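The structure under discussion appears below in the form of structure tokens.
Numbering of residues begins at 1 and proceeds along the displayed sequence. Bear in mind the structure is a predicted one, so any value in this text is a computation, not a measurement.
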Amino acid sequence: MRAAARRTWWKTGVGLALTGLMLFPVYWMVNVSFTRDRDMRASPPHLFPTDGTWDGYRAVLDQQLPYLGTSFLVGLGTVALTVALAAPAGYALAKLRPPGGPVLSFVLLIAQMIPGIIMAMGFYAGYLQLGLLNTLPGLILADSTLAVPFGVLIFTAFMSGIPDELTQAAQVDGAGRLRTFWSVVLPVSRNSIVTVSLFAFLWSWSDFVYASTLAGGGDHRPITLGIYHYIGNNNQQWNAIMATAVVASVPAAVLLVLAQRYVSTGVTAGAVKD
């Protein structure tokens, strides 16, 4: 028993050390957000924000709220468009089994491997002709291309585990395919909806490539470009940069904590077959 206890303490210690190592960048981000400009280059650096300042957070409140608002709108729009497209597609692949369904699933998997900068250049050429540059709809559409393939795969895996007897019973009661999808399949797919919505929001919230390429010169710029606003050739406002990063991390962290239970179920759906 003593040997088992020593092994347990040893594993716990290693786990805590690795956790602290991985979380240190987060702590340093918070530390720098409170550090005064003249203390940024102190040697050795201050491990704690002695004589700290709130100037970075004042800059966030004064300058970054429009960027945060844009990111929220883009995130919510991306979630709505992703779920609206991916859920019916996942239902069709899982339950209707159209011809070429496996090929389409493979294509969606390959689509996730295309570098974002290549897609951004394609969007730029198309948006230039359509007048969608520097607009919220254009940015929402571009961000949705990252989330829709992932969403279709998650919905397909989850809905494949829904018993066919459930959908067949609805059809016996007179429900068509659309009614079955809306009234039967969607309510029992809550975990997959939360999972897809969370990842779609986080992808759009943290996007920089599409934002800088498609909305860098307009009035509707997300928080990733707001952070970039503080970086210049001769001046870097590090406390403002880190304060903005801290504030921008809060919604993502809160969503991850609240949705953790649903995400763990939604991501592993379809991994095990009875």
Side-chain angles (χ1 to χ4, degrees), residues 26 29 60 63-90 108-109 111-127 130-155 189-230 241 244-260 262-263 266-267:
V26 178
M29 177 177 67
V60 172
Q63 304 170 15
Q64 297 295 329
L65 292 183
Y67 298 103
L68 287 169
T70 298
S71 288
F72 271 113
L73 292 177
V74 172
L76 294 176
T78 301
V79 168
L81 183 58
T82 299
V83 173
L85 295 177
L108 291 173
L109 184 62
Q112 294 183 287
M113 303 178 185
I114 301 175
I117 188 62
I118 295 177
M119 298 182 63
M121 292 298 100
F123 275 118
Y124 184 86
Y127 283 10
L130 298 174
L132 290 176
L133 284 177
N134 302 317
T135 64
L136 285 178
L139 196 54
I140 290 172
L141 179 61
D143 286 334
S144 297
T145 60
L146 296 172
V148 168
F150 171 82
V152 173
L153 295 177
I154 290 295
F155 278 122
S189 302
R190 179 182 59 181
N191 291 335
S192 59
I193 293 174
V194 173
T195 301
V196 172
S197 299
L198 176 64
F199 279 95
F201 185 86
L202 294 180
W203 276 329
S204 63
W205 184 264
S206 61
D207 169 63
F208 179 79
V209 174
Y210 287 159
S212 60
T213 305
L214 306 176
D219 297 329
H220 304 291
R221 287 178 287 181
I223 190 61
T224 49
L225 294 186
I227 297 176
Y228 193 69
H229 171 76
Y230 290 120
I241 292 172
T244 306
V246 170
V247 173
S249 300
V250 171
V254 171
L255 287 176
L256 284 172
V257 171
L258 294 178
Q260 181 181 7
Y262 302 101
V263 172
V267 170

- [ ] For residues Leu214 and Leu133, determine if any side-chain heavy atom of one lies less than 4.5 Å from a side-chain heavy atom of the other.
- [x] yes

Task: Non-hydrogen side-chain atoms of Met29 and Val246 separated by less than 4.5 Å - done: yes

Closest approach of [X] and [Y], non-hydrogen atoms and distance?
| X | Y | result |
| --- | --- | --- |
| Thr135 | Leu132 | OG1-O, 2.6 Å |
| Thr70 | Arg221 | CB-O, 3.5 Å |
| Leu202 | Ala252 | CD2-CB, 3.5 Å |

Give, for atom [atom1] of [X] and atom [atom2] of [Y], the distance between the pair rounded to the nearest 0.5 Å.
| X | Y | atom1 | atom2 | result |
| --- | --- | --- | --- | --- |
| Ser189 | Ile154 | OG | CD1 | 12.0 Å |
| Met119 | Ile114 | CE | CD1 | 6.0 Å |
| Leu109 | Phe150 | CG | CZ | 12.0 Å |

List the residues meeting side chain to side chain contact (heavy atoms under 4.5 Å, CB included) with [X], not counting sequence neighbours, and say none if there are none.
| X | value |
| --- | --- |
| Ser71 | Trp205, Pro222, Ile223 |
| Leu255 | Leu198, Phe201 |
| Val254 | Val250, Leu258 |
| Leu65 | Leu68 |

Mind listing the side-chain donor-acceptor pairs of residues 77-89 below 3.5 Å, one per line with the distance, residues two or more places apart or on another chain?
from  : atom 1 : to    : atom 2 : distance (Å)
Thr78 : OG1    : Val74 : O      : 2.7
Thr82 : OG1    : Thr78 : O      : 2.7

Open item on the list: Taking Phe155's backbone N and O only, do any of them form a donor-acceptor pair with Ser192's side chain (distance below 3.5 Å, no angle check)?
Closed with: no

Open item on the list: Looking at Val209, is its backbone amide N or carbonyl O close enough to the side chain of Ser212 to form a donor-acceptor pair, meaning the two atoms are under 3.5 Å apart?
Closed with: yes

Which residues pass the ring-ring contact (aromatic ring centres under 6.0 Å, His included) test with [X], sequence neighbours left out?
| X | answer |
| --- | --- |
| Tyr127 | Phe123 |
| Tyr67 | none |
| Tyr124 | none |

Pair up each side-chain donor or acceptor in residues 138-148 with any protein partner under 3.5 Å, not counting sequence neighbours, and list the distances.
from   : atom 1 : to     : atom 2 : distance (Å)
Ser144 : OG     : Ile140 : O      : 2.8
Thr145 : OG1    : Ala142 : O      : 2.4

- [ ] With sequence neighbours left out, write down each residue that passes side chain to side chain donor-acceptor pair (under 3.5 Å) with Gln112, or none if nothing qualifies.
- [x] none

